[in-house]
Amino acid sequence: MTWTIISGRKYEKLRSKAGLLSSEEQKLDEWLALVPTKGPFAAAKELHIDCTKLKGVSDEWHLYLGSYQRLFFTVTEFEQVELLGVGHT
């Protein structure tokens, strides 16, 4: 199974302004590299990164990059990961 990563200008803009530490950038880049072959959750597990679903009715997931920085994303039924943004929670 191959997963597709979808991102847009909003995600790119938020990532560039997020002020990620180099270790957080590295975690995110490693995760993004594994997602197409492993999927978002197996990639997070392999890299020992916490990943939780936002509580409530939202389909949004949070990938914990550091103490305060998160990647926000959703997963579709068609093996697609849509990157929503990066920032503080």
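Along the sequence shown, the residues carry numbers beginning at 1. Only heavy atoms go into these numbers, but all of them, side chains included; no hydrogens, no water, no symmetry mates.
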Does the side chain of [X] reach to within under 4.5 Å of the side chain of [Y], using non-hydrogen atoms?
X: Leu83; Y: Leu32; answer: yes
X: Asp59; Y: Val75; answer: no
X: Leu14; Y: Phe72; answer: no
X: Leu71; Y: His62; answer: no
X: Leu20; Y: Leu28; answer: yes
X: Trp3; Y: Pro40; answer: yes

What are the two closest non-hydrogen atoms of Ser16 and Lys13, and how far apart are they?
-> OG-O, 2.9 Å
Shortest non-hydrogen contact from Leu84 toward Glu60 | CD1-OE1, 3.7 Å
Residues 22-42 vs ring-ring contact (aromatic ring centres under 6.0 Å, His included), sequence neighbours excluded, gives Trp31-Phe73, Phe41-Trp61
Leu47 vs Leu34, side chain to side chain contact (heavy atoms under 4.5 Å, CB included): CA-CA, chis, key distance, verdict = CA-CA 9 Å; Leu47 296 170; Leu34 286 176; 3.8 Å; yes
Should the pair Glu46-Lys38 be classified as a salt bridge under the 4.0 Å nitrogen-to-oxygen rule?
-> yes
Could Asp29 and Arg15 be called an ion pair, given the rule that one side-chain N must be under 4.0 Å from one carboxylate O?
-> yes
Between atom [atom1] of [X] and atom [atom2] of [Y], what is the distance when rounded to the nearest 0.5 Å?
X: Asp50; Y: Arg70; atom1: CG; atom2: CZ; value: 9.0 Å
X: Lys27; Y: Glu30; atom1: NZ; atom2: CD; value: 9.5 Å
X: Ile6; Y: Thr76; atom1: CD1; atom2: OG1; value: 6.0 Å

Which pairs pass salt bridge (Lys or Arg N to Asp or Glu O under 4.0 Å) with one or both residues in residues 3-12, sequence neighbours excluded?
-> none
Donor-acceptor contact below 3.5 Å, side chain Gln69 vs main chain Ala18 | yes
Would Tyr11 and Ile5 show up in the same hydrophobic cluster when neighbours are defined by side-chain heavy atoms closer than 4.5 Å?
-> yes
